[in-house]
There are 2 protein chains.
Amino acid sequence: MESKRGYHHGDLRNALLAATTELVRERGARGFSVSEAARRAGVSSSAPYRHFSDREAMLAAAALVGFHALGERFSSLPDERAFEARAAWIAVSYLRFAQEDPARFETMFASGIDKSRHEDLMRQAVVVQALLEAALGPFLDPAELVDRAAELWSLAHGVATLVLQGNLQHVVDAGRVESLAESAARSWAAGVASAQR
Amino acid sequence: MESKRGYHHGDLRNALLAATTELVRERGARGFSVSEAARRAGVSSSAPYRHFSDREAMLAAAALVGFHALGERFSSLPDERAFEARAAWIAVSYLRFAQEDPARFETMFASGIDKSRHEDLMRQAVVVQALLEAALGPFLDPAELVDRAAELWSLAHGVATLVLQGNLQHVVDAGRVESLAESAARSWAAGVASAQR
DNA sequence: GATCTGATGTGAGAGGTTCTTACATCGGAG
DNA sequence: CTCCGATGTAAGAACCTCTCACATCAGATC
């Protein structure tokens, strides 16, 4: 499409972003290098610094895309009428999100990005939290909504990270991981519900 | 004590390990470098490779120490007679472990170590799981013990990692994080207990 | 006691990285 | 049509990991 380029690329920022996600998928966030991304985009190794201040900024940009995708996933959820079912759906969805693209998940949460240096990332993390609150809102006392949403997020996040890093490898076999997430979420939700009454 | 050394250090491996944990504490796992560790131990930059095959191996060794410490923490727990109290104690302890030395926790779980390359690490992760199983054993059906322990670990781990990475920063203020962990664990335990009956 | 040897440390260096700085190019506003 | 700001390049400083040939020395062996 934009094969023959002259001195200027035309869409380098996006090309670099694509190269970044591809590279991270192949080699992990640690294996990612600005040089290699530049190489793949066909530009010199200093060109990326016109578009990103930092190596970290490139990863942060990729992570931001990931956070948007995660947000999207939670923005329209099936209208489960039961609290427990909804909690379970959220936890399982989160786990699937992590498993279907581990590199993306790693970039978002385990690439060592200093979130305080990237407010856009911070904001998008808050959006995720807000979506969870919206999802649980109909079932909970507003006074505890924030905490409960954070708890569910924590639970789902814990399952996802432990699994992805292989900490449960010799404990729960791969096929049953989803049901573990579901069971954990259901237990939690049941406990929450029983305390409310 | 071992101030004046000649050509040979005498205890380089340990000195390097100490330098590693110190360095990680200062600069994070990503900021750690073999060269700098060598410098601090007062040896040449190639000396560490006599004791560790890899940069990763140094981090793995430090992580292993961390896993031992975590194991220790769970090996003797107060004899709470109530299931929910014990679950809460575990979650809160885990969170404290993470917060009292974030660098150690980061090394253990977010430094990008390939666990499959370090069976000692893998084994120690299994030990942690086993300790959790032992702690919950008295209260649970043996058939579901493994899964339940993994669920609790996940929950605690999720809280710890989200907090340490600042994802809950604008959601739950720092002082209330422990009570969030406790509340989450209690809810989960209550749900588990109610399903057992 | 002298020697030999394996473990441990050194120096140099190949090849990689991030990021900066001075300069080159070019599209579009005036 | 000009010129200027945005975007590219080339070169290089300062790191990094890891390897290889060589130096040193403590302790086992004769």
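Chain naming here is simple, since letters A, B, ... match the order of the sequence lines and numbering starts at 1 in each.
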| query | Roughly how many Å is it from CE in B:Met58 to C1' in D:dT17, rounded to a whole number? | reply | 12 Å
| request: Can you label the angle between the A:His157 ring and the A:Tyr94 ring as parallel, tilted or perpendicular, going by 30° and 60°? | output: perpendicular
Give me, pair by pair, the N or O atoms of the protein and of nucleotides 15-22 of chain C that are less than 3.5 Å apart, along with how far apart they are.
from: C:dT17; atom 1: OP2; to: A:Arg39; atom 2: NH2; distance (Å): 3.1
from: C:dT18; atom 1: OP1; to: A:Val34; atom 2: N; distance (Å): 2.7
from: C:dT18; atom 1: OP2; to: A:Ser35; atom 2: N; distance (Å): 3.1
from: C:dT18; atom 1: OP2; to: A:Ser35; atom 2: OG; distance (Å): 2.5
from: C:dC19; atom 1: OP2; to: A:Tyr49; atom 2: OH; distance (Å): 3.4
from: C:dC19; atom 1: OP2; to: A:Arg55; atom 2: N; distance (Å): 2.8
from: C:dA22; atom 1: N6; to: A:Arg50; atom 2: NH2; distance (Å): 3.4

| query | Would you say B:His51 reaches C:dA7's phosphate, i.e. side-chain N/O to OP1/OP2 under 4.0 Å? | reply | no
| task | Spell out, as yes or no, whether a donor-acceptor pair under 3.5 Å connects the side chain of B:His51 to the backbone of B:Ala47. | result | no
| Is there a donor-acceptor contact under 3.5 Å from the side chain of A:Arg55 to the main chain of A:Phe32? | yes
| field | Distance, rounded to the nearest Å, where B:Asp11 contributes CG and D:dA26 contributes P | value | 16 Å
| task | Among B:Val172, B:Leu180, B:Val92, find the residue that satisfies the side-chain contact (heavy atoms from CB on, under 4.5 Å) test when tested with B:Val159. | result | B:Leu180
| request: Taking the six-membered ring of A:Phe109 (Phe, Tyr or Trp), confirm whether the NZ or CZ of A:Arg104 is under 6.0 Å from its centre and within 45° of its axis. | output: no
| message | Tell me whether A:Asp79 is salt-bridged to A:Arg86, with the criterion being a basic N under 4.0 Å from an acidic carboxylate O. | response | no
| task | Give the rounded distance in Å between these two atoms: CZ of A:Phe52 and P of D:dT7. | result | 12 Å
| request: Let me know the distance between CG of A:Leu12 and P of D:dT7, rounded to the nearest Å. | output: 9 Å
